2 protein chains.
Amino acid sequence: MPLQRSEVVDMALKLLDDIGLDALSTRRLAGELDVRPGALYWHVASKQDLLDALTEKILDGLPELPSAPGTSWRDEARGLAAGLRDALLAHRDGARLLAGAVSPGPNRLAIADRMMGALSRTGAPLDAAAYGNDTVMSYITGFVLQEQSESLDTSEVDESQREALFDAERYPYLAVWARSWTPDSRRLSFEAGLDILLEGLSVYLAREAEKAPHPRTGPGASSK
Amino acid sequence: MPLQRSEVVDMALKLLDDIGLDALSTRRLAGELDVRPGALYWHVASKQDLLDALTEKILDGLPELPSAPGTSWRDEARGLAAGLRDALLAHRDGARLLAGAVSPGPNRLAIADRMMGALSRTGAPLDAAAYGNDTVMSYITGFVLQEQSESLDTSEVDESQREALFDAERYPYLAVWARSWTPDSRRLSFEAGLDILLEGLSVYLAREAEKAPHPRTGPGASSK
DNA sequence: ACCTGAACACCGTTCAAGT
DNA sequence: ACCTGAACACCGTTCAAGT
């Protein structure tokens, strides 16, 4: 029974979780599938093609994330954002995968579309919704990227650098903060940041909605 | 005259701009410096060490970015954010470099410290300022990462995928937006996002300042 | 249709030995 | 102190040839 593309992708995802993105090589993957390296290229066009497929797989199900009919645009945006973060955190180097993907697949496009739809329900024009979407997506990517990177909190940092952080002479604010840092600060930080974003978005989108009180460009509008 | 560490870093930066991060190998760099690959390891501990040094070099001068004495916290935060984006855009793959750095150097720490200082001037406690700082930094990193990635706008995308974007059936909002996309949309998007963030921050920080009306933990406070 | 064998042109890193 | 020579253990990708 011949190898299927889906088996290649599945095994790659398993391997990713085991050894991380840096160690995930086509040769290692081929070994795991008991084929020669060249065999993979019958199923994927390139390693990047494989990584793009992996990215899509990680986002599977997210666009279909349910939202109750009466949900406010804000809650829907929040749910989508939280869902995206969860999806990225569910696999090792998930955010790096997303950031490195070159061709956005259906899942990614659908997520962006849903987010824009939610933001549009404020009455803001589509360009404002697109800016808002960009902002939220950038935030999530940047945040989880830091969250999953092996620095600072992984406690594998050398001491000299830890000391630098506490150097109150050079970094008065950081130093004080570093002292009160706790393991779940990052979760709280994500939620705080998301609230900040949504707060800012509601102000911004309302203002843009006023500027353009009769939106004609939205998908719901007539085209004449 | 022997090679200096600084020459290695300088040449690496030049090479980065020429060929990009993916093509920047220690062997190629050694060739450019007219030494054998092994020679580099006298000057840098590892490739990652070199990349960290590169990251710091890209951020050089940023922490000393002047701010007029009467500048509001908001304008200082905005200036710092814009400065960071400019610094990252000034070199190929700048954002990827920042995102991939494992040990934050003095410049990076100083930028974070200055940002926290600005946010603290609202009267908000330090943990709120730290959350705010995280949010802004995540946003900038995520945004420029996308900006510098070779997808969509580089016009090197295959047609099938461009079509998908315009598929109004599947992605009603994206499709409409894609039609009106212009080259400097990204600049406008960054500024819009930054404003959204600052708007949200001012609400959030003011609220946190009220909750804790007598901040004692800041560097300016007495320690008794 | 799917895979092997074998090659091509590379990697990062180490380390004895040279100067 | 700084570098070479040479090796070790890898990479991604291609493609004729096999089945």
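Below, chains carry the letters A, B, ... as their sequence lines are ordered, and counting in each starts from 1. None of these values were measured; they are calculated from a predicted model.
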**Prompt:** Can you tell me how far C1' of C/dT14 sits from NZ of B/K47, to the nearest Å?
**Reply:** 17 Å

**Fill in**
Secondary structure of DNA chain D per the Watson-Crick/G-U criterion (both distances under 3.5 Å; [ ] crossing, | other strand, . unpaired) is ||.|||||...|||||.||

**Sole candidate of A/I58, A/L59, A/T55 that passes side chain to side chain contact (heavy atoms under 4.5 Å, CB included) when paired with A/N107** = A/L59

**Item:** Check ion pair B/R170-A/D113 (N to O, under 4.0 angstrom)
**Value:** no

**Message:** Please report the distance, rounded to the nearest Å, between CD in A/Q48 and P in D/dC11.
**Reply:** 18 Å

**Item:** Spacing of A/L29 atom CG relative to D/dC10 atom P, expressed in whole Å
**Value:** 16 Å

**Request:** Among C/dT13, C/dG12, D/dT13, find the nucleotide with the atom closest to the side chain of B/T26.
**Result:** C/dG12

Under 3.5 Å, N/O pairs linking protein and nucleotides 2-4 of chain D:
from, atom 1, to, atom 2, distance (Å)
D/dC2, OP2, B/W42, NE1, 3.3
D/dC3, OP1, B/L3, N, 2.9
D/dC3, OP2, B/H43, NE2, 2.5
D/dT4, OP2, B/R36, N, 2.8

**Message:** Rounding to an integer number of Å, can you tell me how far B/D22 CG sits from C/dG12 P?
**Reply:** 12 Å

**Message:** I need the A/D18 CG to A/L13 CG distance, nearest 0.5 Å.
**Reply:** 10.0 Å

**Request:** Sticking with atom P, work out how far D/dC10 lies from C/dA9, rounded to a whole angstrom.
**Result:** 22 Å

**Message:** Tell me the interatomic distance from A/R27, atom CZ, to C/dC8, atom P, rounded to whole angstroms.
**Reply:** 14 Å

**Asked** Yes or no on salt bridge (Lys or Arg N to Asp or Glu O under 4.0 Å) for A/R5 and A/D49, after CA distance, side-chain angles and deciding distance?
**Response** CA-CA 11 Å; A/R5 188 186 214 262; A/D49 179 37; 2.8 Å; yes

**Asked** If you measure from the Lys or Arg side-chain nitrogens to the Asp or Glu carboxylate oxygens, is any gap between A/R96 and A/D22 under 4.0 Å?
**Response** yes

**Prompt:** Atom CG of B/L24 to atom P of D/dC11: distance rounded to whole Å?
**Reply:** 20 Å

**Prompt:** Is A/K14 paired with A/E32 through a side-chain N to carboxylate O contact shorter than 4.0 Å?
**Reply:** no

**Request:** Specify the separation, in whole Å, of atom CZ of A/R5 and atom C1' of C/dA1.
**Result:** 16 Å

**Message:** Tell me whether the rings of B/Y131 and A/W177 are parallel (<30°), tilted (30 to 60°) or perpendicular (>60°).
**Reply:** perpendicular

**Prompt:** Please give, in whole Å, the distance from C/dG12 P to B/L50 CG?
**Reply:** 10 Å

**Message:** Could you measure the distance from the CZ atom of A/R92 to the CG atom of A/L21? Nearest 0.5 Å is fine.
**Reply:** 9.5 Å

**Prompt:** Distance from B/S120 atom OG to B/W73 atom CH2, nearest 0.5 Å?
**Reply:** 11.0 Å

**Asked** Using a cut-off of less than 4.0 Å, is there contact between a side-chain N or O of B/Y41 and OP1 or OP2 of C/dT14?
**Response** no

